[in-house]
Amino acid sequence: MKVATWNVNSIRTRLDIVVNWLRENPVDVLGLQETKVIDELFPRSPFEEAGYHVYVSGQKSYNGVALITRSPLSDVSTGFTPILGADRVGEFDEQKRLITGVLDNIRIITVYVPNGGDFESDKYFYKLDWLSLLQDYLDILLKRHPQGLCISGDFNIVPEDRDVHFEVSPNSQKTGITPKEREALQRILKLGLADAFRKFNQEEGQYTWWDYRQNSFKRQRGWRIDHHYLSAPLGDRASSCIIDIAPRHLTKPSDHTPVIVEF
DNA sequence: ATGGCTCGCTCCGCGAGA
């Protein structure tokens with residue numbers, strides 16, 4: 001099974017790029033983030049005409065996730081509430097950042113982790129609280145799906161210093177690279193998940209996002225923040241995980257580029 | 001350097017992104 005993740009920064013603006021990429025790269029699952037559109041206005045037809053099923057959880061202007069799949073999914077749900085309950089989740093499902101379904105007995109999840117704004121801002125603490133919910137959510141689903149779980153998405157966290165183009169200070173206050181965010185991610189991975197990309201590639205300078213400003217892509221000033229995390233059965237089975245930088249070269253690209261895992 | 005691009009918005013300047 002091939003699973004791709006891609007923060008497209010508006011599916012309507014990026015529609016042709018994404019559909020053309022999918023025709024050239026016929027993956028089984030494409031997880032999208034930052035679709036930035038309500039479900040009623042999601043451009044489903046181009047994907048359906050290409051032979052895909054479309055599952056969406058969107059909102060106006062911000063956030064929004066989708067799963068595009070060759071075979072139908074079962075047990076599709078959105079947000080944390082169906083698993084954790086309304087009391088635990090509170091207002092955290094108002095922002096549409098999580099969609100999941102089951103394919104071939106494997107739990108597939110796509111997430112758009114909050115950006116976090118400035119260091120120690122309200123958005124920063126919202127991000128940490130959201131990651132704590134994600135940890136509780138995955139703790140439950142990993143136990144329910146011993147055959148395999150794959151969580152993919154824009155995590156907005158640089159896991160290690162080699163995953164960003166500049167020198168990281170030990171107590172970095174740069175959102176996405178702070179100790180508290182990395183610790184939150186590590187607590188999640190300790191549940192039994194591993195970074196698929198690092199099974200195959202130990203190089204530095206392997207990025208998935210480049211700022212639109214300052215010619216960051218041309219200067220190779222990027223961050224690796226889009227990830228596939230696999231439970232042990234899938235991690236053992238995984239045969240490749242690659243970053244496809246080709247779409248970042250196109251005219252009017254997303255600032256992120258797709259990452260594809262095969263298992 | 002609270003900049004630098006690009007997105008959507010009952011749009012023509014602003015908040016958000018990372």
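Numbered from 1 within each chain, the chains take letters A, B, ... in sequence-line order. These numbers come from the heavy atoms of this one structure, side chains and all, not from hydrogens, waters or symmetry mates.
- Note on A:Ile225: only backbone sugar-phosphate atoms sit closer than 4.0 angstrom, heavy atoms only; bases stay farther off.
- Protein atom CD of A:Glu34 is 13 Å distant from nucleotide atom P of B:dA16, rounded to whole Å.
- Note on A:Phe217: nothing from the nucleic acid sits closer than 4.0 angstrom, heavy atoms only.
- Atom CD1 of A:Ile157 and atom P of B:dG17 are 14 Å apart (whole Å).
- Counting only distance, with no hydrogens or angles, the side chain of A:His228 and the backbone of A:Val259 share a donor-acceptor pair below 3.5 Å.
- Straight-line distance from the CG atom of A:Asp118 to the P atom of B:dA16: 10 Å, rounded to whole Å.
- Protein atom CG of A:Asn156 is 8 Å distant from nucleotide atom P of B:dG17, rounded to whole Å.
- B:dT6 and B:dT10 have their P atoms separated by 23 Å, with the value rounded to a whole Å.
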Could you run through nucleotides 5-13 of chain B and give me one letter per nucleotide, 5' to 3': B if any protein heavy atom sits under 4.0 Å from the base, S if only the sugar-phosphate is that close, - if neither? BSSSSS---
Report the C-alpha distance between A:Asn9 and A:Glu34 in whole Å, list the side-chain angles of each, state the deciding distance to 0.1 Å, and finish with yes or no for side-chain hydrogen bond (donor to acceptor under 3.5 Å, both in side chains). CA-CA 5 Å; A:Asn9 184 16; A:Glu34 283 208 87; over 6 Å; no
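- Atom pair A:Asp122:CG and B:dA16:P shows a separation of 11 Å (rounding to whole Å applied).
- Residues in residues 69-102 of chain A take part in these ring pair (Phe, Tyr, Trp, His ring centres under 6.0 Å) pairs, two or more places apart or across chains: A:Phe80-A:Trp130, A:Phe80-A:Tyr137, A:Phe92-A:Tyr126.
- Residues A:Gln206 and A:Asn201 bring a donor and an acceptor atom of their side chains to less than 3.5 Å of each other.
- Residue contacts for A:Asp226: at a heavy-atom cut-off of 4.0 Å it reaches no nucleic acid atom on any strand shown.
- Using C1' as the reference atom, B:dT2 and B:dG17 are 14 Å apart when rounded to the nearest Å.
- B:dG3 and B:dC14 have their P atoms separated by 12 Å, with the value rounded to a whole Å.
- Separation of the P atoms belonging to B:dC9 and B:dG4 is 23 Å when rounded to the nearest angstrom.
- On the C1' atoms, B:dC11 is 16 Å away from B:dA16, given to the nearest whole Å.
- Ring geometry, A:His227 versus A:Tyr229: the interplanar angle falls from 30° to 60°, so the pair is classed tilted.
- For CD of A:Glu167, the number of neighbouring non-hydrogen atoms (other residues, nucleotides, ligands) closer than 6.0 Å is 12 at most.
- More than 12 non-hydrogen atoms from other residues, nucleotides or ligands lie less than 6.0 angstrom from NZ of A:Lys199.
- Among the heavy atoms of the strands, none lies under 4.0 Å from A:Asn63.
- Here the P atom of nucleotide B:dG15 and the NZ atom of A:Lys123 are 10 Å apart, to the nearest Å.
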